[in-house]
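Every heavy atom of this structure was used, including side-chain atoms; hydrogens, water molecules and symmetry mates were not.
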Protein chains: 2
Amino acid sequence: MDRQTITIYDVAREAGVSMATVSRVVNGNPNVKPTTRKKVLDVIDRLDYRPNAVARGLASKKTTTVGVIIPDVTNLYFSSLARGIDDIATMYKYNIILANSDENEQKEVQVLNTLLAKQVDGVIFMGNKITDELRAEFSRSRTPVVLAGTVDPDEQVGSVNIDYEAATEDSVDMLVGNGHSKIAFISESHDEPINGQYRLNGYKKALEKASISYNDDLVLQSEYTYKVGEAVFEQLKKAGATAAVVSDDELAVGILNAALDRGVSIPEDFELITSNNSKLTAMTRPQMSTVVQPLYDIGAVAMRLLTKLMNKEEIDEKTVKLPYTIDAKGTTK
Amino acid sequence: MDRQTITIYDVAREAGVSMATVSRVVNGNPNVKPTTRKKVLDVIDRLDYRPNAVARGLASKKTTTVGVIIPDVTNLYFSSLARGIDDIATMYKYNIILANSDENEQKEVQVLNTLLAKQVDGVIFMGNKITDELRAEFSRSRTPVVLAGTVDPDEQVGSVNIDYEAATEDSVDMLVGNGHSKIAFISESHDEPINGQYRLNGYKKALEKASISYNDDLVLQSEYTYKVGEAVFEQLKKAGATAAVVSDDELAVGILNAALDRGVSIPEDFELITSNNSKLTAMTRPQMSTVVQPLYDIGAVAMRLLTKLMNKEEIDEKTVKLPYTIDAKGTTK
DNA sequence: ACAGGAAATGTAACCTTTTTCAATTAAATC
DNA sequence: GATTTAATTGAAAAAGGTTACATTTCCTGT
């Protein structure tokens, strides 16, 4: 009682050719006589035939689908990357299976596995830390993987980033230049190389250059949400910070607002520079000074790189670093 | 030179059973003797067998994948819905193919077609207007469709919303109550029923109740972006509006900031109420008064509804309206 | 020990394409 | 006009599972 969908068989029969021929015209294979092609095309049109992508995937071992693991679509940083990914994917005729991981290691592995089970042609991973288990899954399957906005010191898989260390160093340099010596650094867990290894290093380097001694009280680990801004700001005050480098925009807004709500003038009494250049940085008052990461492009380039990998094209460099700048807006002098 | 992946055949052979039996244990069919199950499970484990979801999909005609058409992941309103969708999808073992449409009618149709070609078990559509072409595609395929945060006066497919008309009416009521008579209404195109039919109606009703005559100059159509806020605010001033009801948070922030940047005090000189209760409403200063839409829940309920539809369960009501409230924060008195 | 029914397992068709590889047809050469 | 060669087309074998149906095995009760 179903048999409603029409298959390549039906087309072949109607057109009086073999299904191989139908397959050829559908796939644009040139070895088909123009008249036959026309005939088949007409039948396809008349019957409104749509190839079954699943059957296609099974036969050809290609699904034209890539998996995208994202911590949270609701985070503007990641959704901006995702947008870049999807646009390029569409351009290359791929679709995206999007899965939220909440940066939960267990979910990440699980999701990766279902993506692989679904035979995605490639995977784009956004997150912060590549656990060993994840790395093991990556290398076990021969499915290409590209990290977007995510670093893996191991560099086994492709990745697209900016130079987080240098960007953070530049940010701190700027605050130092504005006369600060009690500069806080706030990021997520230092277990994540992007923070503990790159950003923190940049921070330390800048301090060192300025002969400012490193003070543990000024280095905070915090989740990236708006609502913890209050608590973080209290900690900052307690530690005597007069400026801060923040690794996430949403958190930065939280801190900024907490300061404003307490009557602290910004940037006069406190300076702040954030890291992602998401839309948010333009929406606050004062607008937030920020590292300008080319968010969309990171996603786009990552997807482009993945297409090459899936296509087994020769890659010159599978770790690409995109340029960044610093945009001094209203939260710094 | 490929044959690296191991199939159900391999497992069957190793375990000395038929593939049917392997299939049974993989799918949790109870008709398997515990000892056999154990034996098979051991082999699966040893060989690290992972069922090929594509083959499965072809054989069973179920892909456990649903398509999600979203205008733009980067818009917090929609990404919040998407998050609700994905969480419930995951809960029911579905994956999400996400596709951005930019509310472009052509893209919408095209994307829907590739989703159907990929044999998704269901579709969740977010957008604003259901064109006839889209409607035609919806009904042609027997794939269930649910609209999330999107209305279709036609009510042919499932949908999850709030009562936009009433919510807008309430918003205007509140501004009227605060003494305004020159209240602006700003939304996207009135061709979209959600705006032209529901919200605008609510606006008119409220005016009528208050015996305020409708003034065309106070009714604006604008795209939903932050950057047009300036232009929109200028128009509002010109029209002499003293308050506004805005249908999109990002646009509302743009208007709010344009006002603040011009030295207008809010809410003293101008009141504003927005419609989506995205994170943004808490991030501005003053915080934005808003209609509280249960964004996450709209997505979650839509996905839940879709699971029922896909499961051919009996549905009591396929058009569900979720409750909303009005949260008067800093942009209204 | 044996019939009868339930439980467990196996057989083989089917799902819809792609993709060899072989067969046929058309075009080109002399 | 007979061959050769090139261009089209078709037949059938994958691809990796699910599932209806048939068959075998296992218990029970007598």
Side-chain angles (χ1 to χ4, degrees), chain A residues 1-41 43-44 47-65 114 116-121 141, chain B residues 1-41 43-44 47-65 114 116-121 141:
Chain A
M1 58 146 273
D2 208 290
R3 205 68 288 75
Q4 198 63 227
T5 48
I6 69 114
T7 76
I8 200 173
Y9 286 99
D10 303 319
V11 177
R13 181 169 24 75
E14 276 315 282
V17 301
S18 74
M19 41 188 303
T21 298
V22 178
S23 177
R24 288 192 187 94
V25 349
V26 168
N27 292 295
N29 184 317
N31 293 8
V32 180
K33 194 166 30 166
T35 61
T36 338
R37 180 188 309 282
K38 171 88 169 60
K39 190 171 54 177
V40 172
L41 250 17
V43 174
I44 286 180
L47 266 43
D48 192 28
Y49 164 69
R50 327 274 189 92
N52 178 325
V54 173
R56 225 177 211 186
L58 180 60
S60 69
K61 295 179 155 307
K62 286 190 177 14
T63 54
T64 63
T65 302
T114 73
L116 294 177
K118 294 213 169 173
Q119 313 296 120
V120 293
D121 296 336
S141 91
Chain B
M1 55 147 272
D2 207 289
R3 208 56 300 78
Q4 199 62 227
T5 48
I6 69 113
T7 76
I8 200 173
Y9 287 98
D10 303 320
V11 176
R13 181 169 25 73
E14 282 307 290
V17 300
S18 74
M19 43 185 304
T21 299
V22 177
S23 177
R24 288 192 187 93
V25 350
V26 167
N27 292 295
N29 184 317
N31 294 8
V32 180
K33 191 160 41 162
T35 61
T36 342
R37 180 187 309 282
K38 171 89 168 62
K39 191 171 54 178
V40 172
L41 250 16
V43 175
I44 285 179
L47 265 43
D48 192 30
Y49 164 69
R50 326 274 187 94
N52 178 324
V54 173
R56 223 178 216 190
L58 183 58
S60 68
K61 295 177 158 306
K62 288 192 179 6
T63 54
T64 62
T65 302
T114 74
L116 294 177
K118 294 213 167 172
Q119 314 296 119
V120 294
D121 296 336
S141 91

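Proximity of B:V26 to B:R56: side-chain heavy atoms (C-beta onward) are separated by under 4.5 Å at one or more points.
Computed from coordinates, the A:K118 NZ to D:dA15 P distance equals 23 Å when rounded to whole Å. D:dA14 atom C1' lies 10 Å from atom NZ of A:K61, rounded to whole Å. Rounded to a whole Å, the CG atom of B:L58 is 9 Å from the P atom of C:dC15. What separates CD1 of B:I44 from C1' of D:dG17 is a distance of 13 Å, to the nearest Å. At whole-Å resolution of the value, CD1 in A:I8 and P in D:dG10 are 12 Å apart. Distance CG (A:N52) to C1' (D:dG16): 14 Å, rounded to an integer number of Å. Rounded to a whole Å, the CD atom of B:Q119 is 17 Å from the P atom of D:dT18. If you measure from atom OH of B:Y49 to atom C1' of D:dG17, you get 7 Å, rounded to the nearest angstrom.
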Legend entry - Summary of protein contacts for nucleotides 21-27 of chain D, nucleotide by nucleotide, where a base hit scores B, a sugar-phosphate-only hit scores S (4.0 Å, heavy atoms): -------
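Of the residues in residues 9-22 of chain B, those placing a heavy atom less than 4.0 Å from an atom of DNA chain C are B:G16, B:V17, B:S18, B:A20, B:T21, in numerical order.
The residue among B:A55 and A:S60 whose nearest nucleotide of DNA chain C is located toward the 5' end is B:A55. Sequence order on DNA chain C of the closest nucleotides to B:A59 and A:N27 puts B:A59 first from the 5' end.
Judged by distance alone, with hydrogens and angles left aside, the side-chain atoms of B:N27 form no donor-acceptor pair with the main-chain N or O of B:N29 at under 3.5 Å.
Backbone-only contact: A:R50 has heavy atoms under 4.0 Å from sugar-phosphate atoms and none from a base.
Distance check: A:M19 CE to A:R24 CZ gives 11.0 Å after rounding to the nearest 0.5 Å. Interatomic distance, B:D10 CG to B:T5 OG1, rounded to the nearest 0.5 Å: 8.5 Å.
Side-chain nitrogen and oxygen atoms of B:S23 include at least one within less than 4.0 Å of the OP1 or OP2 phosphate oxygen of D:dT18. Dashed line: the shortest gap from a side-chain N or O of A:R56 to OP1 or OP2 of C:dT18 is under 4.0 Å. Note on A:N31: every side-chain N or O is 4.0 Å or more away from OP1 and OP2 of D:dT9.
Listed here is the closest heavy atom pair of A:V11 and A:I6: CG2-CD1, 4.0 Å. Of all the heavy atoms in B:S18 and B:A12, the pair that sits closest is C-CB, 3.8 Å.
Of the residues A:N52, A:T64, A:T63, the one that meets the side chain to side chain donor-acceptor pair (under 3.5 Å) test with B:K118 is A:T64. Checking A:V22, A:I44, A:T21 one by one against A:I8, the side-chain contact (heavy atoms from CB on, under 4.5 Å) holds for a single residue, A:V22.
Each end of the helix from C:dA1-D:dT30 to C:dC30-D:dG1 gets its own rotation axis from five pairs of C1' atoms, and the angle between them is 30° to the nearest 10 degrees.
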